[in-house]
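What follows is a single structure, written as structure tokens, with notes after it.
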Amino acid sequence: MTPGILAIIVLVLTVAGYFLGRQRALALAKREGVRLHSLPSHYGQAVALFTAVPALLLMGAWLFLQPLLLENQVSSQIPDSVIPEGGARSLVMADVRRIADGMDRLVGSGGLNEDDLSSMRADFSNIRGRLAEVGVALGSDVEPAVFEAAKSYRSIAGTSTLLRNIAVIAVALGFGFLAWRQVRPAMRARNVSETFIRSLLIGSSLVAILTTFGIVTSLLFETIHFFRLYPASEFFFSTVWNPQFRGGSDLGVLPLLWGTFYVSFVALLLAVPIGLMIAIYLAEYSGKALRSFAKPAIEILAGIPTIVYGLFALITVGPFLRDWIAQPLGLGSSSSSVLTAGLVMGIMLIPFVSSLSDDVINAVPQAMRDGSYGLGATQSETIRKVIMPAALPGIVGAILLAASRAIGETMIVVMGAGAAARLGLNPLEAMTTVTVKIVSQLTGDTEFASPETLVAFALGLTLFVFTLGLNILALYIVRKYREQYE
Amino acid sequence: MNMLTDAAVEEKLQSASKPGVSKMVGKDVTVHYGEKQALFGVNLEVPEKQVMALIGPSGCGKSTFLRCLNRMNDTIDICRVGGSIMLDGEDIYDPRIDVVELRARVGMVFQKPNPFPKSIYENIAYGPRIHGLASKKSEFDEVVETSLQKAGLFNEVKDRLHEPGTGLSGGQQQRLCIARAIAVSPEVILMDEPCSALDPIATAKVEELIDELRENYTIVIVTHSMQQAARVSQRTAMFHLGNLVEEGPTDKMFTNPDDKRTQDYITGRFG
Amino acid sequence: MNMLTDAAVEEKLQSASKPGVSKMVGKDVTVHYGEKQALFGVNLEVPEKQVMALIGPSGCGKSTFLRCLNRMNDTIDICRVGGSIMLDGEDIYDPRIDVVELRARVGMVFQKPNPFPKSIYENIAYGPRIHGLASKKSEFDEVVETSLQKAGLFNEVKDRLHEPGTGLSGGQQQRLCIARAIAVSPEVILMDEPCSALDPIATAKVEELIDELRENYTIVIVTHSMQQAARVSQRTAMFHLGNLVEEGPTDKMFTNPDDKRTQDYITGRFG
Amino acid sequence: RDQIQIAGSSTVLPYASIVAEAFGENTEFPTPVVESGGSGAGRKKLCEGVGENTIDIANSSSRIKQSDIDLCAQNGVKEIQEVRIGYDGIVFASDINGPEYAFTPADWHNALAAKVVKDGQLVANPYKKWNEIRADLPDQEILAFIPGTKHGTREVFDEKVIVDGCEENGTLEALKAANAGDEKAAEKECMALRTDGVSIDIDGDYTETLARVDANKNGIGVFGLSFYQNNTDKLRVGTMGGIVPSVETIASGEYPVSRPLYFYVKNAHLDVIPGLQEYIEFFVSDEIAGPDGPLAAYGLVSDPELAKTQEKVKNRVPMGALN
Amino acid sequence: MTDLTAMPAVVDSQSRSLFKRGERTRRRHAAEKRFRMIGLAAVIFGILALFGLLGSILNNGASSFRQTYITLDIHLDPAKLDKTGDRDPEALRKLTTFSYQPLIKMALDALVEGKGVSVEGLTSKDLEGMISKEAPAELRRFVLAHPSRIGETVTFAFLADGRIDGYYKGRVTMATAELDRNVTPEQLRLADKLKDAGVLATRFNWSFLTAPDASDTRPEAAGLGVAILGSAYMMLIVLVLSLPIGVAASIYLEEFAPRNRLTDVIEVNIANLAAVPSIVFGILGLAVFINYAGLPQSAPIVGGLVLTLMTLPTIIIATRAALKAVPPSIREAALGVGASKMQAIFHHVLPLAAPGILTGTIIGLAQALGETAPLLLIGMVAFVREFPAAPPGGFFDPASALPVQVYNWTQRGDPAFIERASGAIIVLLVFLIIMNLGAIFLRRRFERRW
Ligand SMILES: Nc1ncnc2c1ncn2[C@@H]1O[C@H](COP(=O)(O)OP(=O)(O)OP(=O)(O)O)[C@@H](O)[C@H]1O
Ligand SMILES: Nc1ncnc2c1ncn2[C@@H]1O[C@H](COP(=O)(O)OP(=O)(O)OP(=O)(O)O)[C@@H](O)[C@H]1O
Ligand SMILES: [Mg+2]
Ligand SMILES: [Mg+2]
Ligand SMILES: O=P([O-])([O-])[O-]
């Protein structure tokens, strides 16, 4: 029985539990002539949950632990002699698994029966060939010891799987039955299932924490490594970014942070006003037809791969800005510039601002609008003075999301703003950002253990801390503002 | 509770019998909400500088008619208005007219209080600000204070002018909305049950305000309280099932109505 | 308008003087909204199967107290409640109690009508559905119809049960909310100005309903209309500036109050 | 796992995918998966450990580094085979409609270095046009798109063009003098490029360089030979020291700017991952990597010592210490 | 009254008509009009930007759905294919594609001769170069599948070489062919003649959607099959995980979580995760899912998980904004009839917040669908030719993804890949639209004002 089928059995039991629990609640209530504390379906849910959750947890644990234990068991049977020089036990174990799997398939395809198998010996029969027939390719011929290990792997695995199946079904039945017995009209079934759902909700919100934890740990280790190789003071305070191959690089983060900030700023300067105006127009002014077309259409902008924007910046916008603005104004002759990347990125960010804001603007109750119109306000006054403040929390969220995306964007910057790290004010000059350098240092040619590559992790962590600071600041400002205006 | 002193009756009779210019005139006003017809050809004249009360059972179309008078129904998608309504002889449903100006001249207090999610101060200062009625801080302070005074709310909220208007009690919100409407001093004020959430004292205060406003403004008020209609209005219109049943001087309506339904309604025998 | 017939007075006196078990008891109830204190140690007993009226000027804390009785204030972030409130001898602010069960037993009609943005039918069927009071379509139909009947709304909306509840007139919405509350037949019904948007006939209908409900349910009603309080309630509590001024049998309150403020308030001399 | 997993250099990727495709077509084994992600990252992945969820082969456009070998050893990856598959030529090309360029390394140093010797003086780079450097170069503004510092190509460019040019045009001497004879420091300063927007780093790939040359007609880009060969209708290649880059001139060593390409095989996986041994033998076979094979046709300069490599691969000879 | 009347009346009714606007009103109307125009301009800008991008993509990529084929009659010569004559599959399998090349060459020679379309200066290598390098592989596959047909003459429609194909799409001209070392003008001339002879034709190219990627030497054979499957698998995982987890997390944070430090931490955290560059999610995926959990390289399951983590902040932020926007009176109404908080949320608040949630999903998924950087580190930016199996097993097989294919193709030397990259973008966008159609439709149904 595969885990999939087992899961299906548990699910079937769960569904059965649901109906049995529900029915028992109804029957008892009828017999005792009392009212149910909760809805009948809540009793069903409670029984179903008790049937499913412990069983599935057990199954998960088993699936996780079985290979580990099995591996331990079997790998002790493999003599060191069959492990190739420089190879690893784990690879031999992979072979063992593959052979065992192949034997299952052989039996399954009717090519062999169990007796044949147990009498089969690696030194006499061409096991590699037979397994190849059923589509299991092996790297080399099979050592007898490995074959024996595979056989015992197979038998232990078989027993263990059988045990697992029995245990899981027993747990499902047992807990389900206990829960079913518990069903009485006075049982607070709704609370049971709601507590459960609530813990699911809490669990879900912890995913974010876990992700952060994962990110920090996966960056921290190599960052520490980096700072052992490269002085932190230089990294944080040097204004030069100039990595070299054979050491002696200058890896100052400041020009990158500046570039990140500058490009994002330009992008938001375009995306926020335009996005907001689109949201306002679609929510307040436009007809249904335009709205139902324009909103999803503009959302496509968020789905165009960033590389397309990058090419657009590189081929169209960059040369255009150079020929029509930078050169006539004497501001430089670079076709990649902060402005190029910023503008193109701004276009990509428009839907982040427009669509989310549109939804919150749309959710402002009509009574607010009526109140304002009733005072003789024009529509735009109503929007600016009444609707926007009411929708502000959501709009701030949308803008923060857009800002976040701007900071994290790579491809557009590579192609639009260039790869040269520079501290400067001229928006028509090439600059680059932290993310660009994370990608390029990480995917480059330099050796991994060199500061030139490891700096990517330090950059990632720095950016993380930097945006964390910005977010805390934003939260603080939003709170402050809300206090003021409420 | 005795409502009308003789003197008051006298005065009312006089003002109601004054020929009085019609400030607003509705001709054959019909309203549909989608399929459903809510008003069936209402003809009604609102005399200038008087108070007109609209009465009638719940759901008969009072609010609907009131909302027609400053085209507030425009905001309801499914609502269609027929017939014509004149303000000072100009058709307010003429496509060329300026709805904003119309609403500035015909203000409204809604049935459900709807304060803006802003501070109490800003709720009131909003109107004067958009109409440019005040510019200096001190002017705004003054408008806010006098408007709140008139609505009888100032004392209760004077310490919390900068707290949100949505944190007020039901009755306070209602008075806030009244204050907000009078702060822009429109020519006509439409009030949809302005006292429904108010205690008798606050009600008296608002009624006093209405009486005062009548000097300069035209007022249309929807009310469910016969006593209130009798106390504050010079003329009364009675609606029933989307029809205007009858309209006339208030005292006549309450003493000697032409229509049986009016009679029944005001004596509480309806139904 | 004469409000009480002698017979009615008789009956009221009797029922009010019955010792009567207390259904709900508030002890030293204090409420803060953030910094601002809205209730100052209110002690009030709500007798079982009677109607208690809460009166007092706007903003005095009536709604606040009412919302304490089914912990509706929990939903306001900045609101803190002190003291204790008992329902059938159990402290409803005990952390172990189930708020949902409490609210199922203590239903509420809010001051501002707040229908769900769903059909009229669904508005009413919702409560019975989540409480499992009906399961078949026919049962739901019946609950919906009787509830609407009782709230006096059925005739007006019977053809549009599946249109949105938000498209009703103000008074209709209010009655819809009453119908919604009684559809789940709670033990205690809290009504915050249930008739504020209703015409006299609809008001009479609701008052009749309240009288009827009193047989089986305990009712607390906030009202600004002294007449209404006098008509429907057996006991009356008078609030002022967050304090309970006085509480007692309704007729005593209206004829011979102990407190000067009550006297002033009911005679309209307040302020 | 049934498929061979390969990761690493984007320079080697086209060749590796040609071989993988042919391997899949001609054998019973599934087509290997070839990732691109950079040589450094590929070698790091190779050294992550032994086991099914680690890769089998790392492609690399430069030789493995000692630190990589150490990392490998630390993670139990003891035996690694080094397979040199051929050479990658690096060419300088400009827009097809522009003038012809005949460069020397010295020209490039003069054009791009931060400091150059002019009239015997060490000065900040004053040149704006090519013909200011050398009169027989075209009258064109200097604008170069060179590989960013992430690319292995940059290392070759720095070493074989800039540093050599530095020496050629005498700047190295001057710098050495300025640095009190410190050769290392002088070399480092040689490689410092001007930052006034004349030399532009490209972190992307050759297509980006091509697009930039397309948008800036006077620009000169640095390309791989195979890329150039695919775009001869758009690009005009410059000569270096009078030699036209081609598979032949590079193989013969006449054209100076080239580098070897490698892949590294984890020996521990050899008998375990089906088809791995077959794949590497297939790769270095004459049919594939020889001068007439598809790789050479695509622009890989085939290794004159291919036979040696074939021998080593057959015997699974692990690489020794780096020299 | 004095103070009220003292205020300047807004409109002096006697002197002012509704038809005439005062100075101030005029200004306000002008402002109104400006505002409205700015809004319209913004919408137009957005749509123009979209159309501009779409136009250039379509312009470059539409042609990739058509491909040029050359019809050849191949004589499956037993002398070359099966010297022993026993059709032994083992022996047949040993024969590599290199051995099939001569068959094609012979057929080409025969064709040129038979049709009498020889072109001066055309070498035999040029002639061979007109057919895709995919052809021998196709032939070999055919022979292995039908060993019995050795000895017969079979008609094949082979792909023409990318440059020949480019000639019919305007990418290659006689002038560029002069300069191009991969194609000669003679080849083009011959192609024209073959076309006249009806042997060469350009037609719709299904295999662009079904075939796997091909190496740099055969752009004409490259397809999106594996990438489409890979993207579909990943999006399935992303949708199934990120929507429920995102909505659940938002509900908890917005409706249940006590306002305290921990909630603030989570809130800032989520906002901050949105700003984490996507490549860092790749680093995370490599460290956690591959190195720690031991999941395979290049697998959609890992890609899906990484993209899920990346999409979550977007969905959470959008959902929370939507939940915030639902007025409290709705919650109170539900609680007032005895609904539990959970019921109030699931029955009333969520449906009203649905448009915002769906927007978040649409944007989040769009972003996830187009993302390459994180896939770089978990090995999905790769050359993959084997199709992954059906789910759930296929989630663990190596696969590619649409944006990866775009990214790969834009990096290749042969310009024919540029066209295919644009074609891949079209497919990606169509994929995006199909994926979002349901959400867009649902969102429109849930949208309502109250
Ligand atoms: N959410 C809130 N935030 C802050 N203050 C509040 C809030 N709700 C009520 N208050 C204040 O608490 C006091 C009591 O309010 P409550 O709503 O109980 O009054 P009420 O007696 O019901 O008045 P009304 O008859 O006008 O409805 C008022 O001063 C009011 O402004
Ligand atoms: N937005 C709407 N959509 C559909 N029908 C509506 C809408 N608003 C009102 N109606 C219907 O129109 C009729 C008249 O409503 P209106 O609000 O004018 O009544 P009213 O006289 O103000 O009643 P009340 O005293 O209860 O406020 C009612 O039957 C009502 O249900
Ligand atoms: Mg109304
Ligand atoms: Mg109240
Ligand atoms: O990808 P590369 O390591 O060859 O630059």
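Per chain, numbering begins at 1; letters A, B, ... match sequence-line order.
- For B:Lys205, no part lies under 4.5 angstrom from a heavy atom of chain C.
- Between B:Gly59 and C:Gln172 the shortest heavy-atom distance is CA-NE2, 3.6 Å.
- Between B:Gln111 and C:Ala197, the closest heavy-atom pair is NE2-CB, 3.9 Å.
- Heavy atoms of C:Lys36 lying under 4.5 Å from chain B belong exclusively to its side chain.
- No other option in C:Gly152, C:Ser169, C:Ser58, C:Ala38 has as many heavy-atom pairs under 4.5 Å with chain B as C:Ser58.
- Neither the backbone nor the side chain of B:Gln174 comes within contact range of chain C; no heavy atom of the residue lies under 4.5 Å from a heavy atom of that chain.
- Highest contact tally toward chain B, considering only C:Gly167, C:Ala202, C:Pro113, is held by C:Pro113 [criterion: heavy-atom pairs under 4.5 Å].
- Of all non-hydrogen atoms in B:Ser196 and C:Glu193, the two that sit nearest each other are O-OE1, 3.5 Å.
- Residue B:Glu156 touches chain C through its side chain alone, counting heavy-atom pairs closer than 4.5 Å.
- The backbone N or O of C:Lys112 sits nowhere less than 3.5 Å from a side-chain atom of B:Lys112 that would complete a donor-acceptor pair.
- For the atom pair OH of C:Tyr33 and CD of B:Glu163, the computed distance is 12.5 Å after rounding to the nearest 0.5 Å.
- In this structure, B:Ile201 CD1 and C:Asp264 CG are separated by 9.0 Å, a value rounded to the nearest 0.5 Å.
- In this structure the side chain of C:Gln227 reaches within 4.5 angstrom of the side chain of B:Gln227, judged on heavy atoms.
- Residue contact with chain C, scored on non-hydrogen atoms closer than 4.5 Å, is absent for B:Ala204.
- Rounded to the nearest 0.5 angstrom, C:Asp199 CG and B:Ile266 CD1 are separated by 13.5 Å.
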